[in-house]
Amino acid sequence: MRQQLEMLIEKYQKSLFSVAYSILRNIEDANDVVQDTFIKYMTAQIDYSNEDHLKAWLIKVAVNRSRDILKSFWHRNKVSLYEIGDIPWKKEETHLFDAVMKLPEKYRIVLHFFYYEDMQAKEIAQILNISESNVKTRLSRGRRLLKDSLNGGKEQ
Amino acid sequence: MIRELYKSSFDKLAVHGMSELHAVDILAAIPDRQAVKSTGKTTRHFKRPVMILVAVLCILLIGTTVFAAVNGFFTRGLSSMLKADADLQQMLLDAGLVTIFDESDAITADGVTIQPTVMITDGGRLYLAFKVKDYDTGEYIRPEFSNHVEVDIYDGVDLKTDCCTGGAMGFYTETIPGAGVGADDNITSGFGIPWGEYYDSEHNLEYIINVGAERSAFGQTVHVEFSGISSYNSGWNEGNNITETPTGLYWAANTADGPWVFDLKIPEPSGMTGELLRDIHQVSEEPIWKGVYIDFIEITPLRINVHARATEEAETIQYYHIDGWYEYDRTGVEVTKIRLKSGEVIDYTHDRIIDPREINAIYIRETVQTFREEVIGGESYYTEEQLIELN
């Protein structure tokens, strides 16, 4: 199954941008990842069995590409700016966003899939290529860290 | 509560920070990504098993072309894309590689008629053109199938996804043939595409599908589903008329749901001669590049496939960069130019129909890229270009 590129962009750009940002914490890099992901789609010789397969593949490519950038010399040596000053967030949205962005990457990405994409642990495990129990552990620890952070570091 | 807040914060982030992106941007970026750096990396160790590298030249639907009228069966879009004069079109017809449809194959739904017009295939690559009648984009500009376009090649009995490698599909415009394109509500779009380009002189649209077949498409059935033709204004976050579709919110109008479903039989070719389907074996006894041999080249009027084999030691290259070991991998052989018997050398980057009998040499190179499963980008480089003489 192949789909029209323009349609894919309409459907998945926001998801890919969000997951890339959750890893990279940088708007410019996240947009680069989105573009790279669609380029990969156009150049990859892959037959997607269904819509879920296609979406999972796109997200997986975006995750891998984001991690590549994260590891790169350039990314590690430039100042990471959230570039979020103009966004009309509510106060509680700002607090939550800041708290999530301060978490280690391995927790951020799992929480992102859980909260934003409504994914189950099994789906997250497949995309991140880790075990389902590992996902559950990260999810549990990540949520605990997040709650601690939102409560000013106090244990609940 | 956290979930809702999280989603709303990221939705606002996307509205604020996400670039407007269109298919033309992606298609235009592909050559840039392939214009890669040279490198003098060192080989360290090799761990992947020997494998056959099969490189299929994907004919990308990119670039600006000038509409060339020809007196053949090609439609407006196919003529522009494939650059085949009347003689080459006749060659395809004689070889049995062309199916021409008529109005009896058309389907009308919601007042919009879609008719397959021409199918061209060499068994490995398939071009399929459709005429879309009685659809007007109205005050909006960009026509698109918002809900669904699906293409599969199957045995005609039990539809399973049994399709396709790379390719593209979209409404034809003279500026960006075959690619779904963006436009705004001005006379000329942000990409310089006059909106009138979508329509021919009889106010019909043309939709073109170009896919590669995993296995021979001859004798198979191509299944195409269209649904939800709509008209769009410029961007995903602009405009006033919001239409909710199963895949999200769109700023669209004039939607006709359809569906239009086609199952089109691909005939066995009657005249596909050995000359038109050139199988050239044992191309190189000596390596083309270090540890890489060309076993087999297949040339048809629509494509050139180079089957290369790498020895185990040449399979994977590793080198050390400033922050650690990087592993590189081969991605496949690419044909860059062809040399005709006349001596003329033609750049092989655009779609074109070529008589295989006229080709006496090809230029090839290989892209070597960062290796990790499904990782893209990173540094990559081309091998030295090689001329392969074809006897």
Side-chain angles (χ1 to χ4, degrees), chain A residues 1-7 9-11 13-14 17-18 21-22 27 30-32 34-50 57 60-61 64-65 68-69 71-73 76 83-84 86-90 92-94 96-97 100 111-112 114-116 118 129 143 146, chain B residues 2-3 5-19 21-23 25-27 29-30 33 56 58 60 142 144-146 149-152 161-170 179-182 211-212 214 236 247-248 250 321-324 370 372-378:
Chain A
M1 185 184 82
R2 298 285 297 184
Q3 289 195 16
Q4 192 174 359
L5 181 56
E6 193 74 26
M7 193 188 311
I9 292 171
E10 298 257 6
K11 280 198 281 191
Q13 185 184 3
K14 192 162 71 170
F17 174 84
S18 297
Y21 188 92
S22 75
I27 284 174
N31 278 313
D32 285 347
V34 173
Q35 177 161 317
D36 286 347
T37 303
F38 287 120
I39 289 170
K40 179 68 174 177
Y41 172 80
M42 289 304 292
T43 55
Q45 307 286 306
I46 295 175
D47 180 22
Y48 307 94
S49 54
N50 54 46
W57 185 88
K60 194 167 185 176
V61 170
N64 287 338
R65 178 66 185 130
D68 238 24
I69 292 174
K71 290 173 187 171
S72 73
F73 178 80
R76 285 192 286 106
E83 304 156 294
I84 55 177
D86 298 334
I87 300 176
W89 275 329
K90 298 174 189 170
E92 54 268 36
E93 288 173 335
T94 306
L96 175 64
F97 191 85
V100 171
L111 287 176
H112 182 82
F114 181 72
Y115 285 134
Y116 193 77
D118 297 321
N129 200 25
R143 293 171 77 182
L146 185 59
Chain B
I2 285 183
R3 188 185 299 271
L5 278 176
Y6 189 91
K7 284 186 176 181
S8 64
S9 66
F10 265 83
D11 284 344
K12 289 177 182 175
L13 175 74
V15 169
H16 174 81
M18 200 168 72
S19 300
L21 190 61
H22 294 282
D25 304 325
I26 302 300
L27 294 171
I30 289 172
R33 293 305 172 113
V56 177
C58 292
L60 299 175
R142 179 164 59 92
E144 202 65 272
F145 288 100
S146 57
V149 179
E150 184 172 325
V151 184
D152 283 300
T161 53
D162 189 25
C163 188
C164 309
T165 54
M169 46 189 155
V181 296
V211 292
E214 288 282 3
W236 69 276
T247 52
Y250 291 90
H321 193 43
I322 190 164
D323 55 351
T370 304
R372 201 178 308 148
E373 188 178 3
E374 295 183 320
V375 167
I376 57 175

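Below, read A as the first sequence line, B as the second, and so on, with proteins coming before strands; counting in each chain starts at 1.
- Between the CD atom in Q35(A) and the OG atom in S19(B) there is a gap of 8.5 Å [rounded to 0.5 Å].
- For K7(B), the salt bridge (Lys or Arg N to Asp or Glu O under 4.0 Å) partners at least two apart in sequence or on another chain are D118(A).
- Contact check for I27(A) versus L13(B): side-chain heavy atoms found under the 4.5 Å cut-off.
- For Y6(B), the ring-ring contact (aromatic ring centres under 6.0 Å, His included) criterion is met by H112(A), Y115(A), F10(B), not counting sequence neighbours.
- With chain B as partner, the option from E92(A), E93(A), R143(A) having the largest number of non-hydrogen pairs under 4.5 angstrom is E93(A).
- From M18(B), atom CE reaches atom OH of Y21(A) across 14.5 Å, with rounding to the nearest 0.5 Å.
- Here the closest heavy-atom approach between residue L5(B) and residue L96(A) is recorded as CB-CD2, 3.5 Å.
- Using a 4.5 Å heavy-atom cutoff, the side chains of D11(B) and Y116(A) are in contact.
- Taking all atoms of both residues into account, the shortest heavy-atom contact from A14(B) to F17(A) is CA-CE2, 3.8 Å.
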